[in-house]
There are 2 protein chains.
Amino acid sequence: MPKQPTFPPLAVTVDLVVLTIRADRLQALTVRRGEAPYEGEWALPGGFLRPDEDLPDAAARELREETGLPADGFHLEQLASYGAPDRDPRMRTVTVAYIALAADLPAPTAGTDAAEARWQPVDELLDGPIRLAFDHSEILRDGVERARGKLEYTPLAAAFCPPEFTISELRRVYEIVWGRTLDPRNFHRKVTRTAGFLQETADTTTRDGGRPARLYRVGTITQLHPPLLR
Amino acid sequence: MPKQPTFPPLAVTVDLVVLTIRADRLQALTVRRGEAPYEGEWALPGGFLRPDEDLPDAAARELREETGLPADGFHLEQLASYGAPDRDPRMRTVTVAYIALAADLPAPTAGTDAAEARWQPVDELLDGPIRLAFDHSEILRDGVERARGKLEYTPLAAAFCPPEFTISELRRVYEIVWGRTLDPRNFHRKVTRTAGFLQETADTTTRDGGRPARLYRVGTITQLHPPLLR
DNA sequence: GCAAAAGTGTTGGGAGTACACCCATGA
DNA sequence: TCATGGGTGTACTCCCAACACTTTTGC
């Protein structure tokens, strides 16, 4: 590392791609900006890294502040960093993006400092007329692609489900995130055969209609062998 | 994003996990630090982000400076960011780590500002007595794991090979990075069957001994379907 | 009974593994 | 001629997609 230069003002922020499944669609949390630049436009939630805060702590704090919910109900992982010199017109800013996956949340979630917070379907945000502020469309696109890929080789789909869920509910997560249908019977066998993916409970439910379905919790493994291919 | 706070001095750096295969081992580029902190200890190459530079540009510039070679001979991609408040005793620093993969390079590569640069086997760096400065051991570990995973589902192993290479040479990349042997005959079929992985040339070589082997260039695909599982 | 969803059985094809075998070169 | 690695053929296994079929509930 060379001698450190003088410090041109530079800020580090943390931005969040918070994903959930609502109304059978993959949706992302967006906030309406209350001030310039991009005042009144939609953006991803986020904020400045504090002086004595590690990056994961900052992400968890922002998540709590924006959703009003404890961060331990989420899967939170680092996505990537973005630092184009002109990405924020106010000053030089490097942002570290995180993705958070959650089961369907109670309300449209009011943030503490954002003017308005709203879930919006990711396909509308990415393909529709809405442009997110800053480079947040790019960050959202990368986050969604990361989530899609992660479903293949990790048991992370369960992060979109309540603590106890049926195999059909898990399958619907895959179908919604990947945008394709899966054979219910083969899917059932595949996930129950993969040791450690699911932990069977004693309970069943009929909330999806039809014959009672066994309820499962997440298992212990972190990698799927073999992966479920898209 | 909240109102921006006053600026406590904060720096953004770029660190590099530069990997190559030398002497049948996976090796990483290390530099000996010429000043405190960690003076005289080994570290990953890296440096400060410049005021008007995007992150990939900074990574490419550092790579050129440290290896003395044009950055377009490398595969360069972002790994992750690290920002523990105490990771650099001098000041608050967030680093964006990149991984670079390259074919065997000419010399032990003298950097411009590092006291000394040296390739060192990653297993010695990770399991041996050497500790890298800062949190660079953790970054190296993450980078190696990323590289191992990427070989499974991308054609990136070719980044460790010269522009024209034989299937055996490609296979040896997998064997060295994964630390296991692969059946030469099945490997041959698997990679030649995957359309777009390899582009056949008209030439052959006997540099590996035995019957002349066909030389290939990298193909056009960026994802392997199906993946080559570890 | 009927609809709906859960879960099992079966079958055919495709991919992976193991390994026998032949090919083309250098020494 | 032999050693060395390149490349093909083949048999066996296992996984997976497709789909018929049975089970268990609500209405």
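Heavy atoms only: backbone and side chains are in, while hydrogens, waters and symmetry mates are out. Naming: A, B, ... by sequence-line order, numbering from 1 per chain.
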>> Parallel, tilted or perpendicular: which one describes the rings of B/Phe134 and B/His136, with boundaries at 30° and 60°?
In response: tilted
> Does a distance-only test, which skips hydrogens and angles, find a donor-acceptor pair under 3.5 Å between the side chain of B/Asn186 and the base of C/dA18?
Replying inline: yes
> Which is true for B/Arg214 with a 4.0 Å heavy-atom rule: it touches a base, it touches only sugar-phosphate, or it touches nothing?
Replying inline: sugar-phosphate
>> Can you work out whether B/Pro226 or A/Asp208 has the more 5'-proximal nearest nucleotide on DNA chain C?
In response: A/Asp208
> Which residues satisfy the side-chain hydrogen bond (donor to acceptor under 3.5 Å, both in side chains) test with B/Arg61, sequence neighbours excluded?
Replying inline: B/Glu53, B/Glu65
>> I want to confirm an ordering. Mapping A/Arg189 and B/Thr204 to their closest nucleotides on DNA chain D, which one lands closer to the 5' end?
In response: B/Thr204
>> Which residues pass the side chain to side chain contact (heavy atoms under 4.5 Å, CB included) test with A/Ala158, not counting sequence neighbours?
In response: A/Phe165, A/Leu170, A/Val218
> So where does chain B start and stop touching DNA chain D, 5' to 3', when the test is distance under 4.0 Å to a non-hydrogen atom?
Replying inline: D/dT4 to D/dT10
> Between A/Tyr216 (OH) and C/dA6 (P), how many Å, whole number?
Replying inline: 11 Å
> Hey, does B/Asp183 reach any base, or is it just sugar-phosphate, or nothing, if we go heavy atoms under 4.0 Å?
Replying inline: base
> What is the distance, rounded to the nearest whole Å, between atom NE2 of B/His225 and atom P of C/dG14?
Replying inline: 19 Å
>> Over all strands shown, is B/Arg193 touching base, sugar-phosphate only, or nothing at heavy-atom distances under 4.0 angstrom?
In response: sugar-phosphate
>> Categorize A/Thr192 for me: base, sugar-phosphate, or nothing, with a 4.0 angstrom heavy-atom threshold over every strand shown.
In response: nothing
> C/dA24 P sits how many Å from B/His188 NE2, rounded?
Replying inline: 14 Å
> Is it the case that more than 12 heavy atoms not belonging to B/Arg25 sit under 6.0 Å from its CZ atom?
Replying inline: yes
>> So, using salt bridge (charged side-chain N to carboxylate O under 4.0 Å, His left out) as the criterion, who are the partners of A/Arg230 when residues are at least two apart?
In response: A/Glu145, A/Glu152
>> Restricting to side-chain hydrogen bond (donor to acceptor under 3.5 Å, both in side chains), what partner residues turn up for A/Glu41, sequence neighbours left out?
In response: none
>> Categorize A/Pro184 for me: base, sugar-phosphate, or nothing, with a 4.0 angstrom heavy-atom threshold over every strand shown.
In response: nothing
> Under 3.5 Å, is there an N or O donor on one side and an acceptor on the other linking the side chain of B/Arg211 and the base of C/dA24?
Replying inline: no
> What pairs of residues pass the salt bridge (charged side-chain N to carboxylate O under 4.0 Å, His left out) test when at least one of them lies in residues 67-84 of chain B, not counting sequence neighbours?
Replying inline: B/Glu77-B/Arg146, B/Glu77-B/Lys150
